[in-house]
Asker: 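Below: one structure in structure tokens.
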Amino acid sequence: MLIAIVQIPGLERSEEDAIRSARTSVPTFAGMPGLTRKYFLNGENGGGGVYIWDSREQAEAWYTAEWADKIEQRFGARPKLTFYDNHVVLDNVDNALSINGVVEPLPGKG
């Protein structure tokens, strides 16, 4: 699993504007191959997103120079992109631990 964090500095919007913008872009991401989840971010330090990808290759296919140009045109700032490999996920909702995609019960939670 790969986590990509996109930061758009200086992007200041109200909650309503952030929700409206997210709704507008949902059709682009819904069903996108390799993208398992996207979190839309909005805060005092700017906006952006957290993307959960199946693989680095799928993420890199999306984050092209053309993509960065499009983001800059849309929001007025060049996006900052950071990749993180993710090997371990703690899920307190399902009381599970996932290591490289293999789910196991939490220790002591049986």
Side-chain angles (χ1 to χ4, degrees):
M1 178 188 324
L2 182 94
I3 297 173
I5 299 178
V6 174
Q7 295 171 288
I8 305 171
L11 179 61
E12 294 184 34
R13 6 177 228 194
S14 67
E15 179 180 338
E16 294 78 19
D17 287 344
I19 291 170
R20 186 174 19 264
S21 178
R23 285 184 186 276
T24 300
S25 67
V26 162
T28 299
F29 299 103
M32 181 177 282
L35 181 65
T36 59
R37 184 165 280 142
K38 179 185 186 320
Y39 296 90
F40 295 85
L41 304 178
N42 186 51
E44 59 190 45
N45 293 318
V50 176
Y51 301 73
I52 312 299
W53 294 92
D54 289 335
S55 72
R56 179 178 289 269
E57 294 76 23
Q58 290 166 315
E60 287 176 343
W62 175 251
Y63 303 115
T64 63
E66 293 80 17
W67 165 83
D69 292 343
K70 191 175 185 179
I71 295 298
E72 186 173 15
Q73 288 173 349
R74 182 174 177 189
F75 297 110
R78 195 101 182 139
K80 178 184 176 196
L81 174 64
T82 308
F83 289 139
Y84 295 94
D85 292 320
N86 181 250
H87 306 289
V88 180
V89 176
L90 167 64
D91 186 332
N92 281 323
V93 174
D94 290 332
N95 290 318
L97 182 66
S98 175
I99 300 180
N100 288 326
V102 177
V103 178
E104 55 187 69
L106 288 176
K109 299 277 184 177

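Positions are given from 1 along the sequence.
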Asker: How far apart are the C-alpha atoms of Y84 and V50, what are their side-chain angles, what is the distance that settles it, and do they pass the side chain to side chain contact (heavy atoms under 4.5 Å, CB included) test?
Answerer: CA-CA 11 Å; Y84 295 94; V50 176; over 6 Å; no

Asker: Identify the two heavy atoms, one from P33 and one from Q58, that lie closest to each other, and give their separation to 0.1 Å.
Answerer: C-NE2, 4.1 Å

Asker: With a 3.5 Å distance limit and no angle check, can you tell me whether S21 reaches the backbone of D17 through a side-chain donor-acceptor pair?
Answerer: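 No; judged by distance alone, with no hydrogens or angles, the pair does not exist.
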
Asker: Would you kindly confirm whether I3 and L35 end up in one hydrophobic cluster when ILVMFWY residues are joined by side chain heavy atoms under 4.5 Å apart?
Answerer: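 No, no single cluster joins them.
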
Asker: According to side-chain hydrogen bond (donor to acceptor under 3.5 Å, both in side chains), who are the partners of D91, at least two apart in sequence or on a separate chain?
Answerer: none

Asker: Considering only heavy atoms from C-beta outward, does the side chain of Q7 approach that of L81 to under 4.5 Å?
Answerer: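 The answer is no, as the side chains (C-beta and beyond) never meet within the 4.5 Å cut-off.
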
Asker: Nearest 0.5 Å please: distance from the CZ atom of F75 over to the CD atom of E12.
Answerer: 14.0 Å

Asker: Mind checking whether I52 and M1 have side chains closer than 4.5 Å, heavy atoms only?
Answerer: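 Of all side-chain heavy-atom pairs linking M1 with I52, at least one is under 4.5 Å.
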
Asker: Enumerate donor-acceptor pairs with a distance under 3.5 Å from any side-chain N or O in residues 37-47 to protein atoms, sequence neighbours excluded.
Answerer:
| unit_1 | atom_1 | unit_2 | atom_2 | d |
| --- | --- | --- | --- | --- |
| K38 | NZ | Y51 | OH | 3.4 |
| N42 | OD1 | R13 | NE | 3.4 |
| N42 | ND2 | R13 | O | 3.3 |

Asker: Nearest 0.5 angstrom please: D69 CG to R78 CZ, how far?
Answerer: 4.5 Å

Asker: With rounding to the nearest 0.5 angstrom, report the CG to CG distance, N92 to L97.
Answerer: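 One gets 10.5 Å once the value is rounded to the nearest 0.5 Å.
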
Asker: Run the side chain to side chain contact (heavy atoms under 4.5 Å, CB included) check on V103 and V89 step by step: do they pass?
Answerer: CA-CA 9 Å; V103 178; V89 176; over 6 Å; no

Asker: Shared ILVMFWY cluster between L2 and V88, side chains joined below 4.5 angstrom?
Answerer: no

Asker: Between F83 and Y63, what is the ring plane arrangement, given parallel below 30°, perpendicular above 60°, and tilted in between?
Answerer: tilted

Asker: If you compare all heavy atoms of R74 against all heavy atoms of S25, which two are closest, and at what distance to 0.1 Å?
Answerer: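 Looking at all heavy atoms of both residues, the closest pair is NH1-CB, 4.2 Å.
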
Asker: Of all the heavy-atom pairs spanning V6 and P79, show the shortest one and how long it is.
Answerer: CG1-CB, 4.0 Å

Asker: What heavy-atom pair brings M32 and W53 nearest, and what distance separates the two atoms?
Answerer: SD-CH2, 3.6 Å

Asker: Using the rule that two of Ile, Leu, Val, Met, Phe, Trp, Tyr join whenever any of their side-chain heavy atoms come within less than 4.5 Å, decide whether I19 and L11 are in one cluster.
Answerer: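 The answer is no; the residues belong to distinct hydrophobic clusters.
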
Asker: If you draw a 6.0 Å radius around CD in E104, do more than 12 non-hydrogen atoms from other residues or ligands fall strictly inside?
Answerer: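 Atom CD in E104 is packed in, count exceeds 12.
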
